[in-house]
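We use all heavy atoms of the structure for the numbers below, so side chains are in, but hydrogens, waters and symmetry mates are not. So you know, we letter chains A, B, ... as the sequences are listed, proteins then strands, and number each from 1.
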Number of protein chains: 2
Amino acid sequence: MGHSRHEKADSHRRIVKVAARKMRESGTEGPGVAEIMKAAGLTHGGFYKHFDSRDDLVAEAVEAATAEGLEGFEEATEGAADPLAAFVDRYLSPGHRDDPGSGCAVVALGADAARADDRVRAVYRAQVERYIAELEELMGGGADVRRRAIAAVTSMVGALLVARAVDDADLSDEILGEVRASLRSPASRRRAARPSRSR
Amino acid sequence: MGHSRHEKADSHRRIVKVAARKMRESGTEGPGVAEIMKAAGLTHGGFYKHFDSRDDLVAEAVEAATAEGLEGFEEATEGAADPLAAFVDRYLSPGHRDDPGSGCAVVALGADAARADDRVRAVYRAQVERYIAELEELMGGGADVRRRAIAAVTSMVGALLVARAVDDADLSDEILGEVRASLRSPASRRRAARPSRSR
DNA sequence: ATTATCTATAGATCTATAGATAATGC
DNA sequence: ATTATCTATAGATCTATAGATAATGC
């Protein structure tokens, strides 16, 4: 039984972190309070000293999941010779497909977000806007950047959703591979001023 | 209390149809047996004379949802001057976004399919293959048709998922509109021999 | 006589609460 | 003394089953 305020803050962070993972794996309504608390090394009774309701945890967990989400992809682009390709390759990698718990919340929680409360939806929208802005920058401006950025984000999101759901490994790999290739094709990179990130 | 065999078959179809709608709206685990039976005009007790388990209904409902799904889009292309544009415009319409219950199961049930049993996953994969094949045909062959078809399907699926989840009507409309536009751009139609459907 | 559906309920599971326990921190 | 966590449980909800009821169909 931990007891100091410091330990409580630590427990809180651990609960949110565990929930952010489990909810990306099983949906926001998937894991029960008891299961989450157990995975955080606690018993379920203490939950309501940390959160007013389960929905409050959902809101915090979705926020944590989105924050974690873009981090990994921004890392992947740093110092890369071709930052756009690095981003796309990491997003559409078998590793990302096979580990939804630590991956992009826009894909993992899309269906849930559409039926969630206002807090969750606001966090979700902000994350979508961040992805679009990030892609616009990686594409380096030019004609129709925003259109091309939106098309790139939606095809990556759709590809990951479908690649996770199909029960055929070859088809799943093919989907990831072909979408990676299509995002490197001339059309989606048109006028991309690659070396500089400025618009 | 209906009683003939004919009425039973009718009840069965009605239960599956209601479930196919509700599960696309709320996920396969959303609606309870009692809620589905009530919407079908029955009481929950009779459910297990129609299905061995709730999972059996999920399998039938997902199959019904996918069957219904492509129908509407194939209709939209019949007799259209530009069948590809007709398909894309219907798929990425505000009407489709706002009525998931009668829309594409690949989007609505993607997250659920990834964690569902073998029957559901097999049905889901078959539907993804049908969408890819349909798009290949609409694109009329040419270099990289399969790649372009896969990219088109994933961007439509991703666009619909995200357009439904964001809580800003302008952003949602923009996503649908820009992806519609990007699928009509030269690159995605390259070498498309439009009037004929042959490869 | 058979059977499709209904009423009633068992058993499991889930969110949330109440009160006990065992640390921290003045 | 305060408080973070624990044990125990209330109340709601969900899947599944049992037995009654009221039609069909030989």
Asker: Quick one: label A/K8 by what it contacts on the DNA or RNA (base, sugar-phosphate, nothing), any heavy atom closer than 4.0 Å.
Answerer: sugar-phosphate
Asker: Name the residue closer to the 5' end of DNA chain C, choosing between A/A34 and B/G41 according to the nucleotide with the nearest heavy atom.
Answerer: B/G41
Asker: Distance check needed: D/dT7 P versus A/K38 NZ, whole Å only.
Answerer: 12 Å
Asker: Using a 3.5 Å distance criterion without hydrogens, assess whether the side chain of A/R147 forms a donor-acceptor pair with backbone atoms of B/V179.
Answerer: no
Asker: Got a salt bridge between A/E174 and B/R146, using NZ or NE/NH1/NH2 to carboxylate O under 4.0 Å?
Answerer: yes
Asker: Quick one: which residue pairs count as a side chain to side chain donor-acceptor pair (under 3.5 Å) with a foot in residues 37-47 of chain B, not counting sequence neighbours?
Answerer: none
Asker: Please list every stem that involves DNA chain D, where a stem is a run of 3 or more consecutive Watson-Crick or G-U wobble pairs with both pairing distances under 3.5 Å.
Answerer: C:1-24 with D:1-24
Asker: Consider the side chain of B/R54, meaning its heavy atoms from C-beta on, and name the nucleotide among C/dT24, D/dA16, C/dT5 that approaches it most closely.
Answerer: D/dA16
Asker: Tell me which of B/S53 and B/H6 sits closer to the 5' end of DNA chain D, going by the nucleotide each one is nearest to.
Answerer: B/S53
Asker: For A/R97 and A/S172, which I'm curious about, is there any donor-acceptor pair between the side chains at under 3.5 Å?
Answerer: yes
Asker: A/V33 has a side chain; which of C/dC6, C/dT15, C/dT24 sits nearest to it?
Answerer: C/dT15
Asker: Measure from NZ on A/K49 to P on C/dA16 and round the result to the nearest Å.
Answerer: 14 Å
Asker: Say whether, by atom type as modelled, one donor and one acceptor occur between the side chain of A/Q127 and the main chain of A/T66 under 3.5 angstrom.
Answerer: yes
Asker: Report the residue (A/R14 or B/P31) whose heavy-atom-nearest nucleotide on DNA chain D is the more 5′ of the two.
Answerer: A/R14
Asker: If I take atom CG in residue B/D10 and atom P in nucleotide C/dT5, what distance separates them, rounded to the nearest angstrom?
Answerer: 9 Å
Asker: Calculate the interatomic distance between A/M37 atom CE and C/dT15 atom P; express it in whole Å.
Answerer: 12 Å
Asker: Within this structure, what is the CZ-to-C1' distance between A/F47 and D/dA8, rounded to whole angstrom?
Answerer: 19 Å
Asker: List for me each residue that meets side chain to side chain contact (heavy atoms under 4.5 Å, CB included) alongside A/D98, sequence neighbours excluded, and say none if there are none.
Answerer: A/P94
Asker: Using the side-chain heavy atoms of B/S4, tell me which of these nucleotides is nearest: D/dT5, C/dT5, D/dG25.
Answerer: D/dG25
Asker: Look at all strands and tell whether A/H44 reaches a base, only sugar-phosphate, or nothing, counting heavy atoms closer than 4.0 Å.
Answerer: base
Asker: Under a 3.5 Å distance rule, please check whether B/R125 uses its side chain to pair with a backbone N or O of A/L171 as donor and acceptor.
Answerer: no
Asker: When the distance from CD of B/E7 to C1' of D/dT24 is rounded to whole Å, what number comes out?
Answerer: 9 Å
Asker: Given C/dT17, D/dA16, C/dT24, identify the nucleotide with an atom nearest to the side chain of B/Y48.
Answerer: D/dA16
Asker: Please state whether the phosphate of D/dT5, meaning OP1 or OP2, lies under 4.0 angstrom from any side-chain nitrogen or oxygen of A/S11.
Answerer: yes
Asker: Could you tell me whether the side chains of A/R115 and B/S26 share a donor-acceptor contact shorter than 3.5 Å?
Answerer: no
Asker: How is B/G45 classified with respect to the nucleic acid when contacts are heavy atoms under 4.0 Å: base, sugar-phosphate, or nothing?
Answerer: base
Asker: How many Å lie between CG on A/L42 and P on D/dT7, as a whole number?
Answerer: 11 Å
Asker: Could you state the atom-to-atom distance from CG of B/D52 to C1' of D/dA16 in whole Å?
Answerer: 11 Å
